[in-house]
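Computed from a predicted structure; not experimentally measured. Naming: A, B, ... by sequence-line order, numbering from 1 per chain. Side-chain atoms are counted along with the backbone in the values below, which use heavy atoms only and exclude waters and symmetry mates.
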2 protein chains.
Amino acid sequence: MAAKRSGARSKRGINERLQPVQEPRSEPPLSRERIVATAVELLDAQGVDGLTMRRLADRLGSGVMSLYWHVDNKEDVFDLALDSVLEYRGPQIVKSRDWRGEVVHMLEDWRASMLRHPWSASLLPRRALGPNILSRLELLSKTLSRAGVADADVNVAIWSLWNYVMGATITRASFDLSDDDRAAAQQRLTRLSERYPTIEHSRLLLDNDWGGTFRKGLGFLLDGLLQDEAER
Amino acid sequence: MAAKRSGARSKRGINERLQPVQEPRSEPPLSRERIVATAVELLDAQGVDGLTMRRLADRLGSGVMSLYWHVDNKEDVFDLALDSVLEYRGPQIVKSRDWRGEVVHMLEDWRASMLRHPWSASLLPRRALGPNILSRLELLSKTLSRAGVADADVNVAIWSLWNYVMGATITRASFDLSDDDRAAAQQRLTRLSERYPTIEHSRLLLDNDWGGTFRKGLGFLLDGLLQDEAER
DNA sequence: ACCTGAACACCGTTCAAGT
DNA sequence: ACCTGAACACCGTTCAAGT
């Protein structure tokens, strides 16, 4: 970790008049925050393969190697960008007793956060879990516990929900990136309709009510989790 | 696509005696099959980042650019390697009426196939769907249909199961790769136990009965799907 | 039909050096 | 404390050429 929050911005109001044309062009000093924010911009614009230390430095108006003062390496940039995008802004304490509604809300928010940055979903499973991710897990865990899910089952429930949300979001994000590919795939499928009659007929690959499918499937999963608890 | 199946191997028996020492050292000619098989070896050994056109050519004893005669580009190699690893060897026709058992078996086999090649799971969602993948989807779809799942619900069911299996397998594969990281993560978590008391207490990150967790979660999901069908 | 080496435009990161 | 350029050991792929 490096020092954060230089006080640079605080005197901006004073000398605004003295360097009116030049000042806005000169870059603020490098900082962890600026690097991470710019990395997110770059990832949003160009995808995972588009993030390059050189390009990142370019956008920041600095030399490449300057980044390494604030950041360990490229992996580190990924970890930081990912966690920064997963900050949870919802209520940190669950007051209502509608545990199911709370869980659905948390998971839909999670999915939405990741879809706002389509590179994030596929990155998440292989990166270290940052504080924002842990907070989400903590809140989910707490909600399930308070709802009366047995201690022995909480972990299974969390992992099941995690798996479902990750799978759904990763799938959604990657199918979304390539509309042409999807059309091409369905065409190929239609050409081979004798080999894959069922999925050709159900138009599996053309189904694009992603939100609805996500919600319904999550409903099934929660039905299963809830039913199990009710039975004992 | 390039030509396949050169007849090279058929005359091997005849001249085995004439070049006994040299022959086994000389490489067989390049072919799509050899390239794909070697790519899988390389991926198994070195992971996704370890697959390099140059390294692949090295292993094959050829020049780098020779690969490009048989294969479009690196993306193509990924697609082919992935699909080759997902061939389904189980029965192609479902005879038993235990649809739930069949579905569980197909999905556990799918998971096992991917875990045998840990790079495959994280690759699958963003790659084109090859014939072996489509076959698995077709069979799954057929089984759900025969089991009486309404046409309107089959796609939701398939995607839910797909999402769950992908999420579970990707998570498992990536957590497995970094045992040190997992220990470090739990340590960091313990240090921060006031901030994340619930997941620290449940030892979420240390739970490593992956198979059992997968099976239980899948059970919950199928409970949900089955219950819904029984109700209408 | 199949294979090749040179060359191009890139990468991430080390290192020794600047202020 | 913070930033830098040169250099190293890599990449994927184009191209013109060989057999």
Side-chain angles (χ1 to χ4, degrees), chain A residues 1-9 25-39 42-43 45-82 119 123 126-128, chain B residues 1-11 25-39 42-43 45-82 119 123 126-128:
Chain A
M1 301 260 179
K4 304 184 179 186
R5 320 222 147 273
S6 79
R9 202 153 56 213
R25 273 270 49 88
S26 92
E27 311 282 355
L30 273 184
S31 69
R32 224 156 203 263
E33 283 82 1
R34 269 193 79 221
I35 292 177
V36 173
T38 308
L42 195 49
L43 284 163
Q46 321 247 27
V48 179
D49 292 340
L51 179 62
T52 274
M53 296 306 271
R54 284 164 148 95
R55 277 209 268 258
L56 187 52
D58 255 23
R59 278 210 182 208
L60 288 160
S62 78
V64 202
M65 295 317 299
S66 312
L67 303 178
Y68 285 82
W69 178 261
H70 303 271
V71 132
D72 286 351
N73 48 33
K74 199 185 176 182
E75 302 267 282
D76 200 17
V77 177
F78 275 126
D79 288 345
L80 293 166
L82 181 59
W119 46 272
L123 233 47
R126 9 179 195 176
R127 309 253 44 113
Chain B
M1 301 258 181
K4 304 184 178 184
R5 318 221 149 276
S6 77
R9 203 156 53 214
S10 52
K11 48 174 166 168
R25 275 267 52 85
S26 90
E27 311 281 355
L30 273 184
S31 68
R32 226 159 201 259
E33 283 82 1
R34 271 192 76 220
I35 292 177
V36 173
T38 308
L42 196 49
L43 284 162
Q46 320 246 28
V48 178
D49 292 340
L51 178 62
T52 274
M53 296 305 270
R54 284 164 148 94
R55 277 210 267 258
L56 186 51
D58 256 22
R59 278 210 181 208
L60 288 160
S62 76
V64 202
M65 294 318 298
S66 311
L67 303 179
Y68 286 81
W69 178 261
H70 304 271
V71 133
D72 286 351
N73 47 34
K74 198 185 177 181
E75 302 266 281
D76 201 16
V77 176
F78 274 128
D79 288 345
L80 293 167
L82 181 59
W119 46 272
L123 232 47
R126 8 179 194 176
R127 309 254 39 114

Could you give the distance from CD1 (B:Ile35) to CH2 (B:Trp69), rounded to the nearest 0.5 Å? 12.5 Å

Provide, to the nearest angstrom, the distance between the CG atom belonging to B:Leu60 and the P atom belonging to C:dC3. 11 Å

Under a 4.5 Å cut-off applied to non-hydrogen side-chain atoms, are B:Glu75 and B:Arg127 in contact? yes

Determine the Euclidean distance between corresponding P atoms of D:dA17 and C:dC2; express it in Å to zero decimal places. 22 Å

Do nucleotides 5-12 of chain C as a string where each nucleotide becomes B, S or -: B if the base has a protein heavy atom under 4.0 Å, S if just the sugar-phosphate does, - if no protein is that close. BBB---BB

Distance, rounded to the nearest Å, where B:Trp69 contributes CH2 and D:dT19 contributes P: 17 Å

Do B:Val77 and B:Leu67 come within less than 4.5 Å of each other through their side chains, counting heavy atoms only? no

Bracket string, DNA chain D, 5' to 3' - pairs by Watson-Crick or G-U geometry under 3.5 Å, | interstrand: ||.|||||...|||||.||

Apply the test side-chain contact (heavy atoms from CB on, under 4.5 Å) to residues A:Asp76 and A:Arg32: give CA-CA distance (whole Å), side-chain angles for both, the deciding distance (0.1 Å), then the verdict. CA-CA 11 Å; A:Asp76 200 17; A:Arg32 224 156 203 263; 3.6 Å; yes

Distance col, row A:Ser66:OG vs A:Leu56:CG, nearest 0.5 angstrom, shows 11.0 Å

Integer-rounded Å distance: D:dT13 P and B:His70 NE2: 16 Å

Would you confirm whether B:Ser31, through its side chain, and B:Arg34, through its main-chain N or O, come within 3.5 Å as a donor-acceptor pair? yes

From A:Leu82 atom CG to A:Arg126 atom CZ, the distance as rounded to the nearest 0.5 Å: 11.5 Å

Counting just side-chain N and O atoms, does A:Ser66 come under 4.0 Å of either OP1 or OP2 of D:dT4? yes

Gap between atom CG of B:Asp58 and atom OG1 of B:Thr38 - 0.5 Å precision: 12.0 Å

Whole-Å distance separating the CZ atom of A:Arg34 from the C1' atom of D:dC2: 14 Å

d(CG, B:Leu67; P, C:dT4) in whole Å: 9 Å

